[in-house]
J.: 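Handing you this structure, nothing more for now.
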Amino acid sequence: MPGASHHRNRSSVFTRPRVSLLAASLLLFSGCESGGPGAARNLTLGGPPAKVSYQEPPAPAPYGGPGVSLAPEVKPAPDAPTVDIHLDVTHTKMSVAPGVEYVAWTFGGVVPGPVLHVRQGERVRFSLTNRSGETASLAMPMPHSIDIHAAMVNPADKYQSVGPGGTIRFEWTPNYPGVFMYHCATPPMLHHIAAGMFGMVIVEPRDGYPGRPDRQYALIQSELYLTRAASGLYSVDSLAAAEKRPTYVVFNGTPTRHVDEPLKARAGERVRLYVLNAGPNGTSSFHVLGTIMDRVWIDGNPANELHGLQTVLLPASGGAIVEFVIPEDGIYSFVDHEFADAERGAMGRINALGP
Amino acid sequence: MPGASHHRNRSSVFTRPRVSLLAASLLLFSGCESGGPGAARNLTLGGPPAKVSYQEPPAPAPYGGPGVSLAPEVKPAPDAPTVDIHLDVTHTKMSVAPGVEYVAWTFGGVVPGPVLHVRQGERVRFSLTNRSGETASLAMPMPHSIDIHAAMVNPADKYQSVGPGGTIRFEWTPNYPGVFMYHCATPPMLHHIAAGMFGMVIVEPRDGYPGRPDRQYALIQSELYLTRAASGLYSVDSLAAAEKRPTYVVFNGTPTRHVDEPLKARAGERVRLYVLNAGPNGTSSFHVLGTIMDRVWIDGNPANELHGLQTVLLPASGGAIVEFVIPEDGIYSFVDHEFADAERGAMGRINALGP
Amino acid sequence: MPGASHHRNRSSVFTRPRVSLLAASLLLFSGCESGGPGAARNLTLGGPPAKVSYQEPPAPAPYGGPGVSLAPEVKPAPDAPTVDIHLDVTHTKMSVAPGVEYVAWTFGGVVPGPVLHVRQGERVRFSLTNRSGETASLAMPMPHSIDIHAAMVNPADKYQSVGPGGTIRFEWTPNYPGVFMYHCATPPMLHHIAAGMFGMVIVEPRDGYPGRPDRQYALIQSELYLTRAASGLYSVDSLAAAEKRPTYVVFNGTPTRHVDEPLKARAGERVRLYVLNAGPNGTSSFHVLGTIMDRVWIDGNPANELHGLQTVLLPASGGAIVEFVIPEDGIYSFVDHEFADAERGAMGRINALGP
């Protein structure tokens, strides 16, 4: 590719500005006249400058906080004015299929990273510790960071990279309900995301989401681009990622995982899925076999409601909440209906096989 | 691809469960409190177990039923409490371009399969006969099935595969209006869909769709992945399908078909198109030159109305109803504006050339 | 590709009909009963036949008209019953990256072409002069044309190709507000668009867009497919375009342009972006880091409002107006979150670095 080095040189887009910023905390009344649901409300914007320290004791666990779970589980959102959430960044071996182990870069030691469930308007005191230095024999220690799509803060400050051994702390407030992505924002971002550094944030509306589904699950779709090293271990195939040729496309980390570990429901029940397409490259044509999504909230915001969908199209880094009724006892598969991707692993099951 | 055999082994996702299911017919009141248009309505869910028989006499025609037509034609939806619809599955030679004949796997002997037009709430008694055994010299007889996106039934039962010579019968009720896909659900599904096994179901609202267009047509977009065999016949190129490298992208079966067979309209008329993107892999950026779609119903549901669109983005297995006025005498082409696909054949014409 | 010559032979899709058309001007009341915002309104459709002349004196400038600007600038829409807009088509050398110059085919001598800002209901007297004959040493003179997605006219007449030295004049009226694409419609269209022949039309509602953003900018995403000739100059790589393997993906013409020339805003301000994805092939998962789009109008029509989006998915030839608040001092990057495309250049910055 001509000029490849050219834009690689510009990769400082996502790094810290040279000039130190006045990252003042603003409590702003958004001056919008439209009266739309997204406007004319109190927004809590920005926050005090992020603090980076290389002197902190290790956290008690690789991830923690109220409302933090591992997909497909969704824990209730906390109901408190402030919550503390912590994630470690680690480099870890992950098994993706028999005989296929790769070196993942992770949030919390898992791929996808933990599901963070928070509530609109509450203050999140967030911390991230880069522990990539502890597994230097597995993968080179390196800077990492986190970009939280649910936050409204200065990326050059809060999403700055922190080196091995460092901890970054910043605060943010979720202003809009929805299903958001978080991911590492250290260049090259395509590589960091492809290596496993992504997860879901659910922002519950102040008064909760409408409706009372009988079951709810989190599904995070992503692509894996793998190449085998001489050691037998796999790692991210940068060229395949740049050319959008995925090895696997998966829900919740491994191909066809929820065929072996089906989600559960019963006939007649209403199921809610929090769905995120983390990409890093492809769209997802998300479909559930045997039923119809009677309610779909684009990006998880109830203001964006669609009805009676067979399939919802998710952008790279787009989310949705979808709901449907289980028609009768049976097995209800879900797929990315871009079918080459389903056959690469983007399929799973909801079993409704009686009491 | 590492582990390709791995997820191929899991391909039983879409096959019958080992445990026989209690596929009881449920008439459920969906217990949803939201009051949204998709909620709190009577839904007819599931149905008695499908019946498979290898003893049935052949149907009088390869497809049949009220409201069944061949695209671009749309017949009126029947207005009856129950309707009977039948489709044969056949293996047939199809000409796609001069000198390019391929072995299609079909519903009803045509690609795309017939358009099924039914009405919300009516009971559909559906039957499918696998006649692939009758052309063994052309292609290996094999199991086939049908997945109807408009139905709410247990896929493991109703969408089960049936062998050559067999007939499957099941009932279903369309609960939501829209433009839905049907397709073969026998693994590998990517191959079965790419070989021609897909079609459109239109579900008319109980009281009909709003508006009275002067013309209406059905357009089904799909991709063809072909490779030439020693015999000179073409067949599905599995690798190209897996890698999303289509040979052709078409509306209603063959490249630029509706350039040679243009749809007709007159200046000043309102045209309604029922559009389905069957994939199996790509999205469609559907656009009509020279006009603007003043009304677009995502997935064909009037609850999902958009206005004044130049282009509507359809997922793989997504539909829409689009309407527009023909501004003046002329030729109005329609394309997938993902232009490499238009140039592979995804273009057609509406001629409005006077009385 | 089998049959490639087949559909290439059909490329007359977009050319003039053999029969001369009665391109009468119609002032039509659209007979739609639905009462939807897109229906039952006065539309001005079509117009007198286009006039082509090879005798006109050159225009005073390669582009001109009230409300015409170069992206990212957006000028106010004129407020007059009729406006005159002119564009020259030229073949011009463009620098896309250090050491990478290509021969662009342009509207107005720039890539993307100028932003045309017009008002719903006003009459546009449009002229286009093909000056490709003046740079025959750089690229072969050839016919060109323009297709304006905001217009409702007969493409076979108004979008006809005009040869070198010729000027085409036609009138049109924008009926729907929005962010529309214009592009060359001369076959092969994929090549003409890829070579630079595209731009944005903004149609302001009769009474203006709701809201009063503090800043507004135009962003046009497109793909470049380049191959290096013996001369050292680059030109469009037709095969790469057909196979959707872009060399660069860019906003406003060159990779990472708005990293070097950041857009400006201040903390607390409301920013409106007019975004168009010109393709020619890919979708765009448009995302702004560090904030949330509280208001998104699909295709730029306020009737299609979404709220609280992290990412909006744009079809090829689809637009949107997006608005957001700048949370605090900082650097807010925007990207196509289909991240391989971001790394090919589809990223830029909004700097909010204090007064």
Side-chain angles (χ1 to χ4, degrees), chain A residues 96-100 210-212 226 228 234 245 247-248 255-256 259-260 267-268 270 283-287 289-295 305-313 323 325-333 335-345 347-349 351-354, chain B residues 1-3 6-7 10 13-14 17 19 21-26 28 30-34 36-39 43 45-46 147 149 151-157 159 175-178 180-181 185 188-190 193 241-244 279-283 298-299 301 303-304 313 315-319:
Chain A
V96 64
V100 183
R212 285 196 294 274
L226 297 179
R228 195 169 180 275
Y234 288 76
R245 295 183 285 100
T247 314
Y248 299 108
T256 65
V259 175
D260 294 320
R270 170 168 291 272
T283 57
S284 172
S285 295
F286 184 77
H287 171 80
L289 280 83
T291 190
I292 291 174
M293 299 180 281
D294 57 16
R295 198 149 71 162
E305 185 160 304
L306 294 171
H307 302 278
L309 292 194
Q310 65 193 305
T311 303
V312 60
L313 183 52
E323 287 190 7
V325 171
I326 299 289
E328 59 181 339
D329 276 7
I331 297 177
Y332 297 85
S333 295
V335 298
D336 179 351
H337 221 289
E338 302 172 25
F339 234 89
D341 294 338
E343 301 223 336
R344 277 193 173 75
M347 52 170 68
R349 280 182 178 181
N351 278 7
L353 296 171
Chain B
M1 191 181 69
H6 168 70
H7 63 70
R10 314 277 179 91
V13 177
F14 297 104
V19 189
L21 300 172
L22 294 175
S25 177
L26 299 173
L28 261 185
S30 157
C32 172
E33 315 80 347
S34 79
L43 300 174
L45 302 173
D147 170 337
H149 284 195
M152 295 179 74
V153 295
N154 172 17
D157 176 37
Y159 305 161
N175 286 309
Y176 294 94
F180 295 94
M181 184 176 177
M189 282 172 65
L190 174 58
I193 299 172
E243 294 179 349
K244 303 183 180 180
N281 283 324
T283 56
I298 298 298
D299 253 359
N301 191 320
N304 307 323
L313 183 52
S317 85

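Within every chain, numbering begins at 1; the chains are lettered A, B, ... in the order of the sequence lines, protein sequences first and strands thereafter.
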J.: On a heavy-atom basis, which atom in B:N281 and which in A:F339 lie closest, and how many Å separate them?
T.: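 The pair with the smallest heavy-atom distance is OD1-N, 3.4 Å.
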
J.: Can you tell which of B:G318, B:P188, B:G279, B:A241 has the highest number of heavy-atom pairs within less than 4.5 Å of chain A?
T.: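 Answer, by heavy-atom pair count under 4.5 Å with chain A: B:P188.
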
J.: Who are the salt bridge (charged side-chain N to carboxylate O under 4.0 Å, His left out) partners of A:R245, not counting sequence neighbours?
T.: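 A:R245 satisfies salt bridge (charged side-chain N to carboxylate O under 4.0 Å, His left out) with A:E243 once adjacent residues are dropped.
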
J.: Kindly say whether A:H337 contributes a backbone atom to a donor-acceptor pair with the side chain of B:S317 at under 3.5 angstrom?
T.: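 It does not hold such a pair.
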
J.: Does any backbone or side-chain atom of B:D147 lie under 4.5 Å from a heavy atom of chain A? Answer side chain, backbone, both or neither.
T.: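 The side chain, not the backbone.
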
J.: Would you compute the distance between atom NE2 of B:H149 and atom OG1 of A:T291 and round it to the nearest 0.5 angstrom?
T.: 11.5 Å

J.: In chain order, what residues pass the salt bridge (charged side-chain N to carboxylate O under 4.0 Å, His left out) check against A:D341, with sequence neighbours excluded?
T.: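 Salt bridge (charged side-chain N to carboxylate O under 4.0 Å, His left out) list for A:D341, sorted by chain: B:K244.
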
J.: To check you understand the geometry: which heavy-atom pair defines the closest contact between B:N301 and A:H307, and what is its length?
T.: ND2-O, 3.5 Å

J.: Examine whether an atom of A:T283 lies under 4.5 Å from a heavy atom of chain B, and if so say whether it belongs to the side chain, the backbone or both; otherwise answer neither.
T.: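 For A:T283, side-chain heavy atoms alone lie under 4.5 Å from chain B.
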
J.: Give, as side chain, backbone, both or neither, the part of B:A242 having an atom under 4.5 angstrom from any heavy atom of chain A.
T.: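 Both the backbone and the side chain of B:A242 come within 4.5 Å of chain A.
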
J.: Minimum heavy-atom separation for B:V153 to A:Y332, with atom names?
T.: O-CE2, 3.4 Å

J.: For a side-chain contact (heavy atoms from CB on, under 4.5 Å) check, start with the C-alpha distance between B:L45 and A:V325, then their side-chain angles and the critical distance, and finish with the verdict.
T.: CA-CA 9 Å; B:L45 302 173; A:V325 171; 3.7 Å; yes

J.: Is a side-chain donor or acceptor of A:S285 paired with a backbone partner of B:P315 at a separation under 3.5 angstrom?
T.: no

J.: Do B:N154 and A:E328 have a side chain donor and acceptor closer than 3.5 Å?
T.: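 Side-chain D/A pair, B:N154 to A:E328: absent.
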
J.: Can you measure from CG (A:L306) to CD1 (B:I298) and round to the nearest 0.5 angstrom?
T.: 7.0 Å

